[in-house]
Amino acid sequence: MDNATEPPADGNDRILVTGGTGTLGRLVFSRLRDAGRKVRVLSRRSREAGEGIQFVTGDLATGEGIEAAVEGAEIIVHCAGSSKGDEDKAQNLVRAASRAGAPHLVYISVVGADRIPVVSRVDRAMFGYFASKLAAERAVADSGLPWTTLRATQFHDLILTVARQMARLPVIPVPSGFRVQPVDADEVAARLAELALGTPSGLVPDMAGPKVYSAAGLLRGYLRASNKRRPIIPVWLPGKAARAFRAGANLAPGRAVGRRTWEEFIADRSVRQATARRARIKGRGRGAPRP
Ligand SMILES: NC(=O)c1ccc[n+]([C@@H]2O[C@H](COP(=O)([O-])OP(=O)(O)OC[C@H]3O[C@@H](n4cnc5c(N)ncnc54)[C@H](OP(=O)(O)O)[C@@H]3O)[C@@H](O)[C@H]2O)c1
């Protein structure tokens with residue numbers, strides 16, 4: 001295998017990023033491309049190739065198209081994921097990758113995957129995601145391939161999506177005692193790219209954002225920033241997984257290595273949205289018939 005930190009001499013792409021069209025994967029792709037690497041991206045939809053990027057169509061849930069995606073890959077950064085079934089996706093990827101060779105498999109998991117017990121039906125209904133991430137981690141670690149896994153806390157983007165959805169409700173239920181430590185997806189992408197171009201390291205230290213917030217406090221901050229008023233109702237969630245959340249199993253205060261805060265993220269987003277709105281209005285003005 002070539003030295004993984006150097007681009008291959010023939011310039012061919014040997015890095016596959018699954019989920020390279022998603023929030024994190026897109027940023028990982030950019031980082032790798034900026035490092036002079038050509039990247040292959042797996043997506044369920046066929047897409048046009050671009051500068052330094054090639055797309056392969058495949059579905060990790062069914063295994064369709066995966067063989068072609070992993071062929072010749074020396075590094076696979078596995079960022080594809082969804083709320084359900086990540087263990088199956090990881091299994092299918094591991095199986096195909098093992099048949100294709102011995103690529104360095106880099107996986108992104110979630111802080112708390114090993115500490116949030118998903119035992120009852122109630123746990124599974126609300127927190128099954130954590131169990132599937134843990135099972136996916138095991139599939140990677142037991143694959144026989146060289147591997148690296150990073151666990152991160154929730155990305156700012158996810159928190160924003162949830163906050164926006166919640167803000168549509170007239171009254172917002174928030175799990176009582178829940179806290180979050182959001183991290184910037186681009187900082188996680190930088191770390192993943194660094195890990196991908198380094199030597200396989202197994203389970204590396206967690207990556208969490210700079211501050212811990214109460215879920216209710218975070219939501220209040222979002223409502224304030226978007227000039228909305230909604231009553232927030234604390235809701236007590238049953239089950240062992242929820243209890244672990246209240247105890248902070250989803251946090252990594254000792255690993256608060258992220259730098260960008262939620263407040264900075266929100267402020268940047270507001271500026272970007274305002275700029276886009278102004279550009280749209282200006283564009284409309286230009287298209288209007290002249291008097
Ligand atoms: N979001 C967070 O707060 C957070 C925190 C810690 C860890 N993580 C982990 O980080 C990873 C990326 O999260 P994200 O927020 O960037 O996700 P995202 O924006 O929802 O993107 C998901 C990506 O997965 C791909 N994908 C989904 N199902 C697939 C399938 N069956 N076959 C192939 N590709 C599939 C999608 O590609 P196409 O639609 O193009 O097929 C998309 O690019 C996930 O593994 C997630 O568990 C996320």
Side-chain angles (χ1 to χ4, degrees), residues 16-31 39-48 50 53-70 76-97 105-116 127-137 139-140 149-163 165 180-189 191-193 195-196 203-204 206-209 215 218 249-252 255 258 260 262 265:
L16 169 68
V17 178
T18 75
T21 55
T23 305
L24 177 67
R26 206 181 290 215
L27 297 166
V28 170
F29 154 72
S30 298
R31 295 273 173 174
V39 179
R40 190 186 304 166
V41 162
L42 172 72
S43 171
R44 285 165 297 179
R45 281 188 291 140
S46 76
R47 293 162 195 261
E48 292 284 310
I53 186 166
Q54 179 202 339
F55 286 97
V56 182
T57 310
D59 189 333
L60 286 164
T62 61
E64 215 181 309
I66 308 306
E67 255 78 30
V70 297
I76 299 177
V77 191
H78 181 30
C79 296
S82 51
S83 57
K84 283 187 185 156
D86 277 6
E87 67 274 42
D88 299 332
K89 294 185 199 71
Q91 287 285 8
N92 285 334
L93 180 65
V94 159
R95 225 172 281 136
L105 184 53
V106 181
Y107 184 53
I108 178 71
S109 186
V110 66
V111 167
D114 57 332
R115 294 194 300 248
I116 295 171
F127 301 98
Y129 167 75
F130 289 85
S132 80
K133 292 307 277 185
L134 184 62
E137 279 186 16
V140 169
T149 291
L150 171 69
R151 291 179 181 145
T153 51
Q154 282 64 48
F155 308 153
H156 292 136
D157 310 72
L158 175 72
I159 303 284
L160 180 60
T161 303
V162 173
Q165 282 166 357
V180 280
Q181 191 179 356
V183 67
D184 199 65
D186 195 38
E187 292 175 3
V188 177
R191 176 75 177 128
L192 267 190
L195 290 167
L203 184 63
V204 297
D206 291 351
M207 185 160 185
L218 204 75
N250 59 318
L251 310 173
R255 288 290 306 157
R260 196 174 184 211
W262 163 252
F265 171 81

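Just so you know, ligand 1 is whichever comes first in the structure, and atom 1 is the first atom listed for that ligand. Scope of the values below: all heavy atoms of this structure, side chains included, with no hydrogens, waters or symmetry mates.
Of all atoms in ligand 1, numbered sequentially from 1 with element shown, those under 4.0 Å from a heavy atom of R47 are 40 (O). Annotation for ligand 1: atoms under 4.0 Å from non-hydrogen atoms of A61 are 31 (N). Distances below 4.0 Å separate heavy atoms of C79 from the following atoms of ligand 1: 11 (C), 12 (C), 44 (C), 45 (O). Those atoms of ligand 1 with a heavy atom of S43 less than 4.0 angstrom away are 38 (P), 40 (O), 41 (O).
The shortest N or O to N or O distance between L24 and ligand 1 is below 3.5 Å. Residue R44 has at least one N or O atom closer than 3.5 Å to an N or O atom of ligand 1. At a 3.5 angstrom cut-off on N or O pairs, Y129 counts as close to ligand 1. The shortest N or O to N or O distance between K133 and ligand 1 is below 3.5 Å. Residue L42 has no N or O atom closer than 3.5 Å to an N or O atom of ligand 1. On a distance-only criterion, D59 and ligand 1 share at least one N/O pair closer than 3.5 Å. In terms of polar-atom proximity, F155 is counted as a contact of ligand 1, with an N or O under 3.5 Å from an N or O of the ligand.
Residues D206 and R255 are not paired through a salt bridge, judged by the lack of any N-O separation under 4.0 Å between the basic side chain and the carboxylate.
A donor-acceptor pair under 3.5 Å is absent between the side-chain atoms of K133 and the main chain of D114, judged by distance alone. The closest donor-acceptor contact from the side chain of S109 to the backbone of E137 lies at 3.5 Å or more, if one exists at all. Side chain of E187 to main chain of R260: a donor-acceptor pair is present (N/O by atom type, distance under 3.5 Å, no hydrogens or angles). Using a distance-only test at 3.5 Å, with no hydrogens or angles considered, a donor-acceptor pair links the side chain of Q181 to the main chain of A252. A donor-acceptor contact shorter than 3.5 Å is absent between the side chain of R151 and the backbone of G112. Put simply, the side chain of T18 gets close to the backbone of A80: a donor and an acceptor are under 3.5 Å apart. N92 places a side-chain N or O within donor-acceptor distance of the main-chain N or O of L60, the cut-off being under 3.5 Å.
Looking only at side-chain heavy atoms (C-beta outward), R31 and D186 come within less than 4.5 Å of each other. Side-chain contact between T153 and V180 is absent, with no heavy-atom pair separated by less than 4.5 Å.
There is a protein heavy atom closer than 4.0 angstrom to atom 34 (N) of ligand 1.
Protein heavy atom in closest approach to atom 32 (N) of ligand 1: L60 N, 2.9 Å. Annotation: atom 21 (O) of ligand 1 to nearest protein heavy atom, G22 CA, 3.4 Å. The protein non-hydrogen atom at the shortest distance from atom 10 (O) of ligand 1 is I108 CG2, 3.5 Å. Looking only at protein heavy atoms, the nearest one to atom 42 (C) of ligand 1 is T21 OG1, 3.6 Å. Scanning the protein for heavy atoms near atom 23 (C) of ligand 1, the closest one is G19 CA, 3.8 Å.
Counting heavy atoms under 4.0 Å from ligand 1, residue K89 touches it through the side chain alone.
Looking at V77, I108, V204 one by one, the single match for side chain to side chain contact (heavy atoms under 4.5 Å, CB included) with L195 turns out to be V204.
Applying the side chain to side chain contact (heavy atoms under 4.5 Å, CB included) rule to Q165 yields the partners T161, R168; only residues at least two apart in sequence or on another chain are considered. Remark: R26 pairs with no residue by the side chain to side chain contact (heavy atoms under 4.5 Å, CB included) rule, at least two apart or across chains.
In this structure, of T23, L93, L150, the residue bringing a heavy atom nearest to atom 14 (P) of ligand 1 is T23. Residue nearest to atom 7 (C) of ligand 1, selected from G112, S109, S46: S109 (by heavy-atom distance). Of the candidates G81, S83, A152, P182, the one placing a heavy atom closest to atom 22 (C) of ligand 1 is G81. When the options V110, T153, T18, V41 are ranked by their closest heavy atom to atom 5 (C) of ligand 1, first place goes to T153.
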